[in-house]
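Okay, structure first, notes after.
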Amino acid sequence: MSARSKSPEKFSRNLLSFGYIMDRVSIFRREAHRLLKKYWGYDIFRPQQLVIMEAVVAGRDVLAILPTGSGKSLCYQLPALYLPGGALIISPLIALMNDQVASAREKGIPAVAIHSGMDSAMLEHALEQLSAGAYKLVYVSPERLRSGRFLEALAQWKFDFIAVDEAHCISQWGHEFRPAYLEIVHLRQLYPRLPVMAVTATATLQVREDISRQLRLNQPVIVIGSFSRDNIHYAVVRTEDKFHTLHQVVRTQPGAKLVYCRDRRTTVQLARWLAEQGISAAAYHAGLSYEEREQRQQAWLDGRIEVMACTNAFGMGIHKDDVRLVAHFHMPESLEAYFQETGRAGRDGLPARAIALVGLHDMEQLERWILSRYPDLEQVRQVFASLMNYLQIPAGTGGGHAFDFYLPEFCQRFGYAPSLVQAVLRILEWEGWLYRTDAIVHPSRVQVNLSREDLLQIQAMHPLEVTIMETLLRLYPGVVDIPVAMDEHEIARRVGASRTQLVEMLWHMHQRGWILYRAAYESPQLVLLADRPPVDALFLKAENVHFLKERALERLRQVKQYLDATSCRMQIAAAYFGEEAREACRHCDICEQNSHRTSGEPRGDLVVRMLTLLREPRSPDEIDRALPDVDKKRIRQVIDYLLAEGYAGMDAAGRLWLYSSSSLSNIKMAD
């Protein structure tokens, strides 16, 4: 007897439930396009975005692997806007959370990021607003899930789903394991009926399975976008003079460019050297002040800086569609990191390039760098003792408290190499003793020391200063009692001055004793998860460190296999990420070389035809229409070849053009 005949009532209820879900999804689908246009200004969704959104609206768990630039954030932002409550978003970086919150607020979407950089008054206000349901998007770091006060406020909010950004951080098999992500499972226990959306840019099959297991996803809808992008030409260049090789590549490639380096010193050297060659370039790394990073980032986004030489501190949350080149001066330690970073090229769909510069001893140096991240346990205990002395934390205290931590000062005081301290902090985090935040911007604070009677007495001689203080009194209740956080841009706008002028006035007023003023400053923090133990009682598991080291070395072997490839690089990378790639990609340097050898039509003939067309600037689509007898993939291969060899250039609009008429005579016909 069938299940239907056994229980007709249950079958009918299932049909009704299914019909309700389908109706709910169809209504959302219509509304989603309206919201997309109204808040984001787009007419259509990118591939697979709508599938992910519909799943969470239907109450399903989702695991989405979408490459960099595929619009992952929209997948949880738009459903949160549509549903009656909103979304709790767990994200690893405070800077990334703040960027997304600022972007959402500009669109008119109520959003907040709750993190350890907030003072007690700001935090309490945010939690009260959370309890009242004032937000559609609430961003938190995974460490915040340990806070009883946060969980208490969260319990009052009728939110609709949980989104886990950078979900690979939950897996020890992943390339950026973050133990605090394991706290998310407790949230699932508190809210078992809420769907979970886990998103990340790259993940192997093993990592995908681990994400599902760690988050306890229930029959999730799995959406996997290919890490490979057909418009990006991937190449590996062997060279012992990376500076000059990079200069040649940069010079022949128009548009915005990113060059990734492993360390801060190289970014500075490279930016300075490129500038000496007449190329506008800047360095970006975590050692710069907040204002310096903001200024350089904006200059690059605006096109005033052509090349950004950067560490991996640059990129997440940065939206620029017309990046034409991503070069790696140093290879990262994993293919996940490599394809996440190269994915920032060509988001507009136009041709772009990803080039890895590899020297003779690069892999040996990279292996030594990886091994240096795993010091022995005695070194860990020694640095931990120095750290507790630096933070002035007595034994048996400190648990649950955050402490400002400035790495250069610590290293100078105790004589440690920064790389060793970074490695020890990473191990202490893995072991559950502490966690690190990224650099937190502490807002400017001000307190007014004068009464209103005092202001009347000085108004005639100091009208601007009085206007500033009156503005502070109106905007910030309690500013005469305690220092309060302030926004210099807003005050400057209200008093009709520039921010620079305002800051000068605030310092002048501070020196006269009329106000107390402390400018914004930036510092990372260490949060101790347990009271400080005696050094000899610091319990560490050697097997954990050994496991993570072996995983790192295995990822390095995969990087080496990609660099040493003699067949299609994308097929090698696809196998690593668990994708099926039966055919060669035709857009990497190996495929291009093979095309020279096997092409039925002489390559030189097609090159000459295209260069003849490019005597006038043309877009790739215009070239397609002018060569109807040639396969579009062949045309894209030749475009990549012309750009790589310096025969042609591309302007900011994506049109190709001939460098000089001599390019035609320099082409060698293929055999």
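In summary, of the residues considered (Tyr260, Phe243, Trp273), a ring-ring contact (aromatic ring centres under 6.0 Å, His included) with Phe329 occurs for Phe243 alone. Looking at Arg262, Lys560, Arg368, Arg373 one by one, the single match for salt bridge (charged side-chain N to carboxylate O under 4.0 Å, His left out) with Glu333 turns out to be Arg373. Each of Thr200, Thr204, Val559 was scored for a side chain to side chain contact (heavy atoms under 4.5 Å, CB included) with Glu336, with one residue passing: Thr204.
Checked against the 6.0 Å centroid criterion, the rings of Tyr234 and Phe339 qualify as a close aromatic pair. Note: Phe405 and Tyr390 meet the aromatic proximity criterion, with ring centroids under 6.0 Å apart. In this structure, Tyr374 has its ring center under 6.0 Å from that of Trp430. Not less than 6.0 angstrom separates the ring centroid of Tyr406 from the ring centroid of Phe410.
Using a 4.5 Å heavy-atom cutoff, the side chains of Val250 and Gln277 are not in contact. By the 4.5 Å heavy-atom criterion applied to side chains, Leu656 and Arg618 are not counted as neighbours. Side-chain contact check for Leu553 versus Leu371: some heavy-atom pair is nearer than 4.5 Å.
Atom CZ in Arg229 sits 8.0 Å away from atom OG1 in Thr342 (nearest 0.5 Å). Taking NZ of Lys72 as the start and CG of Leu66 as the end, the distance is 6.5 Å to the nearest 0.5 Å. Between the CZ atom of Phe414 and the CD atom of Glu409 there is a distance of 9.5 Å, given to the nearest 0.5 Å. Note that CD of Glu488 and OG of Ser444 are 3.0 Å apart. Values are rounded to the nearest 0.5 Å. Taking CZ from Phe314 and SG from Cys261, the interatomic distance works out to 12.5 Å, rounded to the nearest 0.5 Å. Rounding to the nearest 0.5 Å places NE2 of His285 at 11.0 Å from SG of Cys310.
Salt bridge Arg324/Asp348: present, at least one basic N to carboxylate O contact under 4.0 Å. Salt-bridge check for Arg551 with Glu554: failed, with every basic side-chain N at 4.0 Å or more from each acidic carboxylate O. A salt bridge links Asp322 with Lys320: the distance from a Lys NZ or Arg NE/NH1/NH2 to an Asp or Glu carboxylate oxygen falls below 4.0 Å. Looking at Asp487 and Arg499, no side-chain N of the basic residue comes within less than 4.0 Å of a carboxylate O on the acidic one, giving no salt bridge.
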Is there a side-chain hydrogen bond (donor to acceptor under 3.5 Å, both in side chains) between Ser386 and Tyr416 once you walk through the steps?
CA-CA 10 Å; Ser386 301; Tyr416 293 122; 2.7 Å; yes

Between Glu341 and His328, does a side-chain hydrogen bond (donor to acceptor under 3.5 Å, both in side chains) hold up when you go through it step by step?
CA-CA 9 Å; Glu341 290 163 5; His328 278 79; 2.7 Å; yes

Chi angles and distances behind the side-chain hydrogen bond (donor to acceptor under 3.5 Å, both in side chains) call for Arg436, Gln422
CA-CA 10 Å; Arg436 297 169 294 169; Gln422 294 277 27; 3.1 Å; yes

Decide salt bridge (Lys or Arg N to Asp or Glu O under 4.0 Å) for Arg493 and Glu490; before the verdict, give the C-alpha distance in whole Å, the side-chain angles of both, and the deciding distance to 0.1 Å.
CA-CA 5 Å; Arg493 185 184 68 81; Glu490 178 63 17; 2.7 Å; yes

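Between the side chains of Arg569 and Gln561, no donor N or O sits under 3.5 Å from an acceptor N or O.
Around CZ of Arg413, the count of heavy atoms belonging to other residues, nucleotides or ligands within 6.0 Å exceeds 12.
Listed for the Ser280 side chain is a donor-acceptor partner under 3.5 Å among the backbone atoms of Glu306. At least one donor-acceptor pair under 3.5 Å links the side chain of Trp300 to the backbone N or O of Lys257. Of the possible donor and acceptor atoms, none in the side chain of Arg586 sits under 3.5 Å from a partner among the backbone N and O of Cys591. In this structure, the side chain of Ser103 does not engage the main chain of Asp99 through any donor-acceptor pair within 3.5 Å. With hydrogens and angles ignored, the 3.5 Å screen pairs a side-chain donor or acceptor of Thr68 with a backbone N or O of Gln340.
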